[in-house]
Amino acid sequence: MKRVYIEELGRHVGEEVLLQGWLYNKRSSGKIRFLLLRDGTGVVQGVMMKGAVPEETFVKFDDLTQESSFALRGKVRKEDRAPGGFELEVSDVTVYAIAKEYPITPKDHGVEFLADRRHLWLRSSRQHAIMRVRHRIIKAIRDFFDDRGFTLIDSPVLTPAACEGTSTLFETEYFDLGKAYLTQSGQLYAEAGALAFGKVYCFGPTFRAEKSKTRRHLSEFWMVEPEVAFADLNDDMDLAEEFLEYIVQSVLKDRAPELKALERNISFLENVKRPLPRISYDEAVAILQSKGLPFEWGNDLGGTDETVISEQFDRPVMVHRYPSQVKAFYMKRDPNNPKVALAVDVLAPEGYGEIIGGSQREDDLDVLLERIREHNLPQEAFEWYLDLRRYGTVPHAGFGLGVERTVAWICGLDHVRETIPFPRMIYRLTP
RNA sequence: UCCGCGAUAGCUCAAUGGUAGAGCAUGCGGCUGUUAACCGCAGGGUUGUAGGUUCGAGUCCUACUCGCGGAGCCA
């Protein structure tokens with residue numbers, strides 16, 4: 001008998017098949033019994049009628065508890081009354097393991113309870129939908145760059161010093177070489193890659209030890225960072241908007257059932273097409289002040305400010321040319337206005353905040369040396385980075401996209417903790 | 001680090017300072033098309049910890065612990 005998955009049942013109508021999985025739920029009406037089997041690709045109900053199957057098969061229903069592992073054999077039937085449109089006319093039941101009392105019942109649970117059981121929570125349909133969207137987003141990210149001639153140059157996780165010298169890092173002992181830090185960004189290494197390969201991206205986990213406690217922060221999160229040689233800020237923004245359009249349209253095309261299961265209103269997502277609006281920081285400040293917010297030129301945008309600005313647009317908005325004082329040392333200043341950096345942040349709609357941060361990089365050796373001194377960074381730690389300016393420096397630019405914020409936005413979640421299989425937060429290291 | 005909110009059955013939550021309850025889950029019974037099925041019965045409690053006020057505290061007060069949200073910081 002052929003072993004099949006639930007998602008392919010439509011191709012096996014009328015056939016006898018074998019399905020293997022776990023008990024999602026069961027219902028009985030006396031002489032007719034329904035077993036809901038979950039196999040990771042979907043849920044289907046098996047139907048048994050008393051008298052139509054041997055009594056020893058019929059009573060196996062009584063033993064099965066939620067999440068017990070078992071197999072069903074039977075004939076696939078199109079059935080409009082069944083969830084999913086198909087059901088299995090059960091001829092045999094094989095029990096593999098009876099589950100102990102399963103803690104996650106089909107009723108409501110609190111966030112803390114579920115987070116403590118994240119390893120089980122992943123079995124639920126909502127988490128299933130989120131992880132399948134996450135997977136599709138990551139595939140879109142890789143396809144996008146792979147199809148455009150980018151080379152994957154991953155950056156190290158263990159680094160000798162802070163990349164940007166600003167945020168708090170996780171620290172560890174590294175043999176006899178002193179302290180090492182978990183990376184907060186692969187960008188500096190991606191720059192080396194860009195000057196070696198022209199177009200590169202790195203994609204991996206990054207770490208921040210800030211004691212942030214908000215719905216937008218994790219201690220460990222994934223970031224993809226493309227870097228392109230012979231590119232300026234406009235090229236960078238062109239790439240970012242094409243990239244976002246590709247990601248969102250890929251998810252809309254291939255994960256519509258999952259978005260529906262998440263009850264996501266997709267109208268904002270359907271709008272994500274080029275061109276995306278581009279406004280300068282100065283224009284953003286004008287918007288904030290026109291809304292009566294007490295915002296002064298020179299400050300960085302806070303969470304509320306980002307929400308107010310993004311509400312003015314029906315799709316992600318790019319804010320460029322921030323005051324250089326609030327941006328990292330490696331960002332090139334605008335030759336037309338040295339007070340601002342050639343930086344861009346992309347703000348997602350609906351208050352999801354910054355999902356992309358990027359810039360054109362400082363490519364002049366002397367200027368970069370001055371920035372390192374201004375930021376009180378140890379020059380010796382950056383000598384290799386300065387070499388990139390000593391040996392054939394060129395204008396180059398790149399950006400980083402935070403995967404979890406992107407998943408939260410596309411899925412319409414209210415917290416990034418559901419966007420990654422095992423979230424790491426300030427007060428949570430397990431499971 | 002600061003501000004706010006919270007902690008009662010395995011879970012989600014009720015309970016005017018006066019006998020701690022319901023739904024789900026679990027066990028038993030019933031039901032020939034269920035859709036988080038439904039109906040009946042049963043078991044299940046040191047009300048986060050420590051102290052205080054009171055004739056009497058789940059409820060009021062103090063401290064602490066843990067969690068959640070926000071601010072700051074950051075992406």
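A, B, ... follow the sequence lines: proteins, then strands. Residue 1 opens every chain.
A cation-pi arrangement is found for A/Lys26 relative to A/Phe61, the charged atom lying closer than 6.0 Å to the ring centre and inside a 45° cone about the ring normal. The side-chain tip of A/Arg142 does not point at the ring of A/Phe145 from less than 6.0 angstrom away and within 45° of straight on. Figure legend: cation-pi geometry between A/Arg117 and A/Trp121 absent, as NZ or CZ is not positioned both under 6.0 Å from the six-membered ring centre and within 45° of its axis. With a 6.0 Å cutoff to the six-membered ring centre and a 45° limit on the axis angle, A/Arg216 does not count as a cation-pi contact of A/Tyr352.
When the nucleotides B/C24, B/C31, B/A75 are ranked by their closest atom to the side chain of A/Glu354, B/A75 comes out on top. If you check B/U32, B/U12, B/A75 against the side chain of A/Phe113, the one that comes closest is B/U12. Comparing atom distances between the A/Thr214 side chain and each of B/U32, B/U34, B/G70 picks out B/G70 as nearest. Out of B/A75, B/U12, B/A71, the shortest distance to the side chain of A/His109 is found at B/U12. Looking at the side chain of A/Ala82, the nearest of the listed nucleotides B/U34, B/A75, B/G70 is B/U34. Among the nucleotides B/U34, B/A75, B/U32, the one closest to any side-chain atom of A/Arg27 is B/U34. Taking only side-chain atoms of A/Phe34, from C-beta outward, the nucleotide of B/U32, B/U12, B/U34 with the closest atom is B/U34. Nearest nucleotide to the side chain of A/Gln45, out of B/G69, B/U1, B/U34: B/U34.
Between the P atom of B/A75 and the CD atom of A/Gln187 lies a distance of 11 Å, rounded to the nearest Å. Going from atom CG of A/Asp80 over to atom P of B/G33 covers 17 Å, rounded to whole Å. Atom CG of A/Asp300 is separated from atom P of B/A71 by 14 Å (rounded to the nearest Å). Whole-Å rounding puts the A/Met331 CE to B/A75 C1' distance at 11 Å. Taking atom CZ on A/Phe399 and atom P on B/A75, their separation rounds to 16 Å, with Å as the unit. Put simply, NZ on A/Lys50 is 11 Å from P on B/U32, counting in whole angstrom units. Rounding to whole angstrom units, CG of residue A/Leu120 and C1' of B/A25 are separated by 15 Å. When the P atom of B/G72 is taken as reference, atom CG of A/Leu301 falls 12 Å away, rounded to whole Å.
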What pairs of nitrogen or oxygen atoms, one from the protein and one from nucleotides 66-68 of chain B, lie under 3.5 Å apart?
unit_1	atom_1	unit_2	atom_2	d
B/G67	O2'	A/Glu112	OE1	3.3
B/C68	N4	A/Lys213	NZ	3.3

Checklist entry - Can A/Glu225 and A/Ser185 be said to form a side chain to side chain donor-acceptor pair (under 3.5 Å), step by step? => result CA-CA 8 Å; A/Glu225 295 171 280; A/Ser185 164; 2.8 Å; yes

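Using a 30° and 60° split on the angle between ring planes, A/Phe243 and A/Phe144 fall in the tilted class, from 30° to 60°.
Pairing analysis of RNA chain B (Watson-Crick: purine N1 to pyrimidine N3 plus N6-O4 or O6-N4; G-U wobble: N1-O2 and O6-N3; both under 3.5 Å) yields stems of 3 or more pairs at B:1-7 with B:65-71, B:10-13 with B:21-24, B:26-30 with B:38-42, B:48-52 with B:60-64.
At a cut-off of 3.5 angstrom, the base of B/G27 holds no donor-acceptor pair with the side chain of A/Glu101. Residue A/Ser29 places no side-chain atom within donor-acceptor reach of the base of B/C38, judged by atom type and a 3.5 Å distance cut-off alone. A donor and an acceptor atom never sit less than 3.5 Å apart when one is taken from the side chain of A/Arg216 and the other from the base of B/G69.
Using a 4.5 Å heavy-atom threshold, the side chains of A/Ile32 and A/Val47 count as touching.
Comparing the same atom, C1', in B/U16 and in B/C11 gives a spacing of 28 Å after rounding to whole Å. If you take atom C1' in B/G44 and the same atom in B/G6, they sit 25 Å apart, rounded to whole Å.
Scored by the salt bridge (charged side-chain N to carboxylate O under 4.0 Å, His left out) test, A/Lys273 finds no partners at all (sequence neighbours excluded).
Exactly one of A/Arg371, A/Arg333, A/Lys332 qualifies for a salt bridge (Lys or Arg N to Asp or Glu O under 4.0 Å) with A/Asp363. That residue is A/Lys332.
The side-chain ring of A/Tyr102 is not stacked on the base of B/A25, judged by centre separation under 5.5 angstrom and plane angle under 30 degrees.
OP1 and OP2 of B/G33 both lie 4.0 Å or more from every side-chain N or O belonging to A/Arg81.
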